[in-house]
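Working notes, structure below.
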There are 2 protein chains.
Amino acid sequence: MSGRVAPAPGRAVMPGLELARYLPYRLSVASNKASGLIARAYQARFGLTIWEWRVVAVLGSGHAMTAQAICEATAMDKVTVSRALRALNERSLVRRRTSPQDKRASLVSLTPDGQAVYEEIAPLALEWERSLLEGFSDEEKAVLGELLERLSVRADILAQGEDELP
Amino acid sequence: MSGRVAPAPGRAVMPGLELARYLPYRLSVASNKASGLIARAYQARFGLTIWEWRVVAVLGSGHAMTAQAICEATAMDKVTVSRALRALNERSLVRRRTSPQDKRASLVSLTPDGQAVYEEIAPLALEWERSLLEGFSDEEKAVLGELLERLSVRADILAQGEDELP
DNA sequence: CCAAATTAGTTGCAAATGATACTAATTTCC
DNA sequence: GGAAATTAGTATCATTTGCAACTAATTTGG
């Protein structure tokens, strides 16, 4: 058996709303599966949450950054970044120096330990990505990336206008 | 200014791990933006959480289902389904009858009020989806759906093997 | 046929998350 | 030059979530 489920007898057919075909739902399912997979791996092998990992990933470039810059680079909330930095700092994976230009802000960078963690995880992260995309052609990967990007842009645009509605 | 960020001077270049180009990250960002947008709308207009909405959506077919069947149809955890059903039941949007075949299980269906909610939201949900995908050709929509599906399948396969590793 | 194992669904508790408020430093602009 | 507004980051509190334990019903298999 396969295909669409028939509507209950005597009930009007509602055109087209079937959860399994609803894009925001499918996107959420795919994202949760992919993230969950990788998050479990970070957690099990390195004791890092997905947010801590994201912070490490952007600091892996070697540039010191403010928490604010990290927020932008990781699409994380400032509270989430603050908590991730506290945890990373307690484990001595990052260090924070008060910015000389702005004494409210700190410049955060990886410690040697943090850099070592980054260098150990980064190749694994790429390997997980590769496994996830096994069977995708280069073109398919590019198209997927592009479509996700356009979707994000659309969502941003719609979010702009949403509180102006009736 | 645009383009890739240069590595810090004197630092080895780690090939290819740039968060903004990392697929699981991009997927998560796109999904969160899309879901957040729609979740806020459900919440603001109908007082439904995204999980309550998902349950309503699958029950909208008119078929009575067990909580277990709802779990499968919505990709939700049984605890989450249980809580969503309790909330919907308190608002008299669903009703539960003990299954005659299995007295542990209930058969859940929408009440007339629940059906009315479904019929009011379903077209809006489709409209939000349409807005989100504005500018996407039919083929692009199809490709996106197909790629997400393949990604989910891959993630399931990888999740199978993950606790067999060293 | 009955003890052991499994399944449906709920509950309780601990951890994660999000919104808000707060402190301290900086910028704006009159 | 300084009061008012803004920004960086943290802390607090309420809600949400996830896990594990639990009850009750059913299935298995000896």
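The figures that follow rest on heavy atoms only: side chains count, while hydrogens, waters and symmetry mates do not. In the text below, chain A, chain B and the rest are named by the order of the sequence lines, each starting its count at 1.
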Could you go through residues 81-98 of chain B and list every donor-acceptor pair under 3.5 Å that involves a side-chain atom there, pairing it with any protein atom two or more places apart or in another chain?
from	atom 1	to	atom 2	distance (Å)
Arg91(B)	NH1	Gly47(B)	O	3.1
Arg91(B)	NH2	Phe46(B)	O	3.2

For residues 68-75 of chain B, which side-chain N or O atoms pair as donor and acceptor with protein atoms under 3.5 Å away, sequence neighbours left out?
from	atom 1	to	atom 2	distance (Å)
Gln68(B)	NE2	Glu72(B)	OE2	2.7
Thr74(B)	OG1	Ile70(B)	O	2.7
Thr74(B)	OG1	Met76(B)	N	3.4

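From Thr49(A), atom OG1 reaches atom CD of Glu52(A) across 3.5 Å, with rounding to the nearest 0.5 Å. Atom CZ of Arg54(B) sits about 9.5 Å away from atom OG1 of Thr80(B), to the nearest 0.5 Å.
Among the atoms of the strands shown, none is found under 4.0 Å from any heavy atom of Thr49(B). Ser99(A) comes within 4.0 angstrom of no nucleic acid atom, judged by non-hydrogen atoms across all strands. If you check every strand for non-hydrogen atoms under 4.0 Å, Lys78(A) touches a base.
Around CD of Glu127(B), the count of heavy atoms belonging to other residues, nucleotides or ligands within 6.0 Å exceeds 12. Counting heavy atoms of neighbouring residues, nucleotides and ligands inside a 6.0 Å radius, atom NZ of Lys141(B) exceeds 12 of them.
Contacts between residues 26-36 of chain B and DNA chain D, defined by a heavy-atom separation below 4.0 Å, involve no residue at all.
Comparing Leu107(B) and Asp77(A) by the nucleotide of DNA chain C whose heavy atom lies nearest to each, the residue mapping closer to the 5' end is Leu107(B). Between Asp102(A) and Ser106(B), the one whose closest nucleotide on DNA chain C sits nearer the 5' end is Ser106(B).
Between the CZ atom of Arg40(B) and the P atom of dG18(C) there is a distance of 12 Å, rounded to whole Å. Taking atom CE of residue Met65(B) and atom P of nucleotide dG9(C), one finds them 11 Å apart after rounding to whole Å. When rounded to the nearest whole Å, the span between NZ of Lys103(B) and C1' of dT10(C) equals 19 Å. Between the CG atom of Leu85(B) and the P atom of dG9(C) there is a distance of 9 Å, given to the nearest Å.
Residues that satisfy the ring-ring contact (aromatic ring centres under 6.0 Å, His included) test with Phe136(A), not counting sequence neighbours, are absent from this structure.
First and last contacting nucleotides of DNA chain D toward chain B (any atom under 4.0 angstrom from a heavy atom, 5' to 3' order): dT17(D) to dT26(D).
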Each nucleotide N or O in nucleotides 11-15 of chain C that has a protein N or O under 3.5 Å away: list the pair and distance.
none

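A parallel orientation is assigned to the rings of Trp53(B) and Tyr118(B), their planes being inclined by less than 30° (bins at 30° and 60°).
Heavy-atom minimum distance, Arg26(A) versus Gly145(B): NH2-O, 3.1 Å.
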- Could you go step by step and tell me if Val58(A) and Met65(A) meet the side-chain contact (heavy atoms from CB on, under 4.5 Å) rule? CA-CA 9 Å; Val58(A) 302; Met65(A) 302 172 77; 4.0 Å; yes

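Side chains of Gln101(B) and Ser99(B): a donor-acceptor N/O pair is present below 3.5 angstrom, by distance only.
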